[in-house]
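See below for the structure under consideration.
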Amino acid sequence: MIKKNNKRIIALALSAVMLFSMVGCGKNKNNTTEEGTTVEIATGDATEEPSVDVTNTEKTTEKPDVDLNSPEAKAEQEKFDDWLWDSFVESVNSDSITLNYSLANPEEYGVTPTDATYGELDMSEEGMEKDKQETLDCIDELEEFDYSLLTDDQKFTYDIIYDVQETSLTSYDYMYLYEPFAYTSGLQTNLPITLAEYTFYDRQDIEDYLTLLTLTPEYFEECLAFEKVKSKKGYFMSSNSANEVIRQCTEFIAVPEENLLLETFEDRIREFDGLTEEEIQNYIQINHDNVINYIIPSYRNVIETFKALKNTGNNDLGLCYLDGGKEYYAYLLRSKTGTDKTPEEVIDMLDDAIDKTMSDLYAKLFADSSAYQEYYEALEDESVYEDIDYKEAIEYYEKVVDDKFPEIPDIDFKVTPVHESLENIVSPAFYMTPPLDDYEHNSIYINQGTESSQSIWSTLAHEGVPGHMYQFVYFLSSDPEPMRTLLDFNGYQEGWATYVEMQSFYYYDKYENPAYADFEAANNKLNLLVSARVEIGVNYEGWDLEDTQKYLSDNGFMPEVAQDIIDYVVAEPGNYQMYCTGWLEFEGLKDYAKEELGDKFDEKEFNKVILDAGPCQFWLLRDKVEAYVESVK
């Protein structure tokens, strides 16, 4: 049975826009352990791939001419469905945040909520050993099924889950390279907004939320204990990264009485029906006391711990300078993006994409140099776009994308500014993923402290329609296998949002010159491509500041931004690849389909194939596209 991986911090339901510093511009599951069985865990100095053989021999010896309607097949299919359901119920109920963000009405799914909890968290070596054994047990359980008797949809789900488990095994060999307090994906940045968006469906949700606040110090302490062990073993983060964590935490608690979790709670509690004014005031007081007495001290603890540890790291450069770092980056590339390409293949893909984008841009420059000069001047004085109303822009997108994207159900959504206390901490924008049974209500946050008015047009496409909000609503409204909604495929999700974001410039109809759309697309593509290329250069190939400056200068970019990019990619290895490699994978699939089908290619039908498959690994998605191509030929 699949169960939440205790090694990983609670899955926070944020889909965020990448924070660029360039020019111009979940939940892994595993199974219960067998008593008395142990597995050795490497401590970060592994230099070879894991030696565990997890090849699914049952799958590779699939039986020919199987009758999927036979009693034997039906029994096996029912058995697999039961296994998936049991895994979903246990996983979704493993912590209160996962449950709240996954199901609005858990009882309707046969889920009885447990006491409020952040979930089990044991980041000791013993805890990791247990987690690894549970992952191996999950793989064993999967291999007990007769793959040949499953339906095509079941096989697809099987393949998705099997690969998730197999890939996760690699992480245990590099456990001390894992970072729970990363720049934008860390606990300190994501927990505040996740708690602020914790939905009160009933009174028990209010009580659970207030209890979670009191459990936060213990949860943070477990993560900080892990940081102390990392420090002793020489794996603590760079001093620049540590200073950034300290800054983030300091800003979040700078004015305790104006904290986000105080200011948002009263609005939410007053929106809850059935409470008397006395009850409301009582809850407001409890929340106040819990924030002041538990949340604020938790962040102070992070600040104090990181101040003590910040100079104990042995490396201010990329992952590859740490023992096992190069191998760990290869693991991150696969796990974060869902690609089956090697780092070397991704490097080639990025280099080719940069060359092509530069070539296309130069061709447009030579064709109309005056238009580019006008565009550049408009960039300088921030006049490329007129003032944009967030909601009106998304509603406009809903109308104009009909010819390229399949229809989704009617939905409600709100676009809200990020609280001031988070403006210098969180991403420029993010979408809060809705529950499986309440996808009609959606929230997008815009960070007005960092998000330029000149980038908001593409940001709304990325976060809204036809980006994250559209893709999640499409998937959740398709009656997916519930277990799949708990699995994270950031490469698919961020890749899709970036794929449609790059098309968004051609939907804007108020440019001074239509050529601006081409220039905007090229500029944004190059920013992402070059950032992703630097990321893999720093973390996998070992680029230092001089190497990065030379690369940027040689390619016509500003070398003075090199240190800022290095600081980010050192702190968040693999994050740019989720967006960039994911986007390029989608573009590659589209190019393949267009080349194979010629005049028969239909972009709306292609996008439907992608969306019908839902979040998954790209090599599995490729199978779906290839089948679609064969059916149309």
Side-chain angles (χ1 to χ4, degrees), residues 9-10 12-14 95-97 100-101 115-119 121 180-181 186-225 227 242-272 275-309 416-426 432 445 447 449:
I9 304 303
I10 47 175
L12 304 176
L14 302 176
D95 68 79
S96 301
I97 288 180
N100 189 262
Y101 274 85
D115 293 339
T117 176
Y118 279 123
L121 183 66
F181 291 96
L187 180 61
Q188 79 283 1
T189 59
N190 285 342
L191 185 63
I193 198 67
T194 302
L195 289 173
E197 282 287 311
Y198 193 96
T199 304
F200 300 151
Y201 296 108
D202 55 32
R203 283 179 182 256
Q204 189 57 51
D205 287 324
I206 302 172
E207 299 288 344
D208 289 346
Y209 167 82
L210 294 171
T211 300
L212 284 174
L213 299 183
T214 70
L215 299 176
T216 303
E218 180 181 357
Y219 197 81
F220 271 51
E221 186 57 44
E222 179 69 21
C223 297
L224 291 173
E227 293 290 349
N243 284 330
E244 177 63 14
V245 173
I246 293 168
R247 182 195 66 79
Q248 291 173 336
C249 293
T250 300
E251 291 194 7
F252 177 63
I253 64 172
V255 186
E257 292 295 337
E258 296 178 8
N259 188 269
L260 162 76
L261 298 179
L262 295 180
E263 296 193 1
T264 60
F265 181 81
E266 182 169 354
D267 292 338
R268 287 185 293 153
I269 203 68
R270 289 194 178 281
E271 290 173 359
F272 186 82
L275 295 178
T276 66
E277 182 61 28
E278 182 180 357
E279 289 174 318
I280 290 173
Q281 290 300 327
N282 183 53
Y283 278 133
I284 290 174
Q285 185 61 51
I286 295 173
N287 179 68
H288 173 275
D289 293 346
N290 288 355
V291 169
I292 298 301
N293 295 325
Y294 296 99
I295 297 296
I296 302 301
S298 296
Y299 277 77
R300 287 187 181 133
N301 193 14
V302 176
I303 294 168
E304 292 167 3
T305 301
F306 272 66
K307 282 182 176 179
L309 299 177
T416 307
V418 165
H419 190 270
E420 288 182 5
S421 67
L422 296 178
E423 284 185 347
N424 294 321
I425 299 176
V426 300
M432 303 296 295
Y445 280 85
N447 187 345

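Just so you know, these numbers come straight off a predicted model, no measurement behind them. Just so you know, residue 1 is the first one in the sequence shown, and it goes up from there.
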Q: Might you work through the salt bridge (Lys or Arg N to Asp or Glu O under 4.0 Å) test for Arg268 and Glu197, ending with a clear yes or no?
A: CA-CA 9 Å; Arg268 287 185 293 153; Glu197 282 287 311; over 6 Å; no
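- Taking CD1 from Ile286 and CG from Asn293, the interatomic distance works out to 12.5 Å, rounded to the nearest 0.5 Å.
- Two rings, from Tyr118 and Tyr219, have their centers less than 6.0 Å apart.
- Separating the OG1 atom in Thr264 from the CG atom in Leu260 is a distance of 4.5 Å, to the nearest 0.5 Å.
- No side-chain N or O of Asn282 forms a donor-acceptor pair with one of Glu278 less than 3.5 Å apart.
- No donor-acceptor pair closer than 3.5 Å links the side chain of Asn287 to the backbone N or O of Leu210.
- Looking at Phe252 and Ile303, their side chains never come closer than 4.5 Å, going by heavy atoms from C-beta outward.
- Annotation for Ala116 and Ser96: closest pair CA-OG, 3.3 Å, computed over non-hydrogen atoms.
- Residues satisfying the side chain to side chain contact (heavy atoms under 4.5 Å, CB included) test with Asn301, not counting sequence neighbours, are Glu221, Leu224, Thr305.
- Ring-plane geometry between Phe200 and Phe265 is classed as perpendicular, the angle between the planes exceeding 60 degrees on a 0 to 90 degree scale with a lower cut at 30.
- Under the 4.0 Å criterion applied to side-chain N and carboxylate O atoms, Glu244 and Arg247 are assigned as salt-bridge partners.
- Taking each heavy atom of Leu261 and Ala196 in turn, the nearest pair found is CD2-N, 3.8 Å.
- At least one side-chain heavy atom of Glu257 sits under 4.5 Å from a side-chain heavy atom of Ile292.
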Q) Between Asn290 and Tyr209, does a side-chain contact (heavy atoms from CB on, under 4.5 Å) hold up when you go through it step by step? A) CA-CA 10 Å; Asn290 288 355; Tyr209 167 82; over 6 Å; no
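- The shortest side-chain heavy-atom distance between Leu212 and Ile97 falls under the 4.5 Å cut-off.
- Here the side chains of Ile295 and Pro192 are not in contact, with every heavy-atom distance at 4.5 Å or above.
- Here the OH atom belonging to Tyr294 is positioned 9.0 Å from the CG atom belonging to Leu215, to the nearest 0.5 angstrom.
- A 4.5 Å side-chain heavy-atom check between Val291 and Leu213 finds at least one atom pair inside the cut-off.
- Residues Lys307 and Glu304 fail the side-chain proximity criterion, which asks for heavy atoms closer than 4.5 Å.
- For Phe306 and Phe181, the gap between ring centers is short of 6.0 Å.
- No donor-acceptor pair under 3.5 Å is formed between the side chain of Asn100 and the backbone N or O of Tyr198.
- For Cys249 against Gln188, the heavy-atom pair with the smallest separation is SG-CB, 3.8 Å.
- Nearest heavy-atom pair, Pro256 versus Arg300, reported as atom, atom and distance to 0.1 Å: CG-NH2, 4.4 Å.
- When side chains are defined from C-beta on, Glu420 does not count as touching Glu251, because their heavy atoms never get closer than 4.5 Å.
- The OG1 atom of Thr117 lies 10.0 Å from the CG atom of Asp208; values are rounded to the nearest 0.5 Å.
- To the nearest 0.5 Å, atom CD1 of residue Ile193 and atom NE2 of residue His419 are 9.5 Å apart.
- Side-chain contact check for Gln285 and Gln281: no donor-acceptor pair (N or O, by modelled atom type) lies under 3.5 Å.
- Here the CD-CG distance, from Glu218 to Leu121, works out to 9.5 Å after rounding to the nearest 0.5 Å.
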**Q.** Stepwise side-chain contact (heavy atoms from CB on, under 4.5 Å) test for Asp205 and Phe272
**A.** CA-CA 11 Å; Asp205 287 324; Phe272 186 82; over 6 Å; no
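- Between Gln248 and Thr189 the shortest heavy-atom distance is OE1-CG2, 3.4 Å.
- For CD of Gln204, the number of neighbouring non-hydrogen atoms (other residues, nucleotides, ligands) closer than 6.0 Å is greater than 12.
- The side-chain heavy atoms of Arg203 and Leu275, taken from C-beta on, include a pair separated by under 4.5 Å.
- Surrounding CG of Asp267 are more than 12 heavy atoms belonging to other residues, nucleotides or ligands, all under 6.0 Å away.
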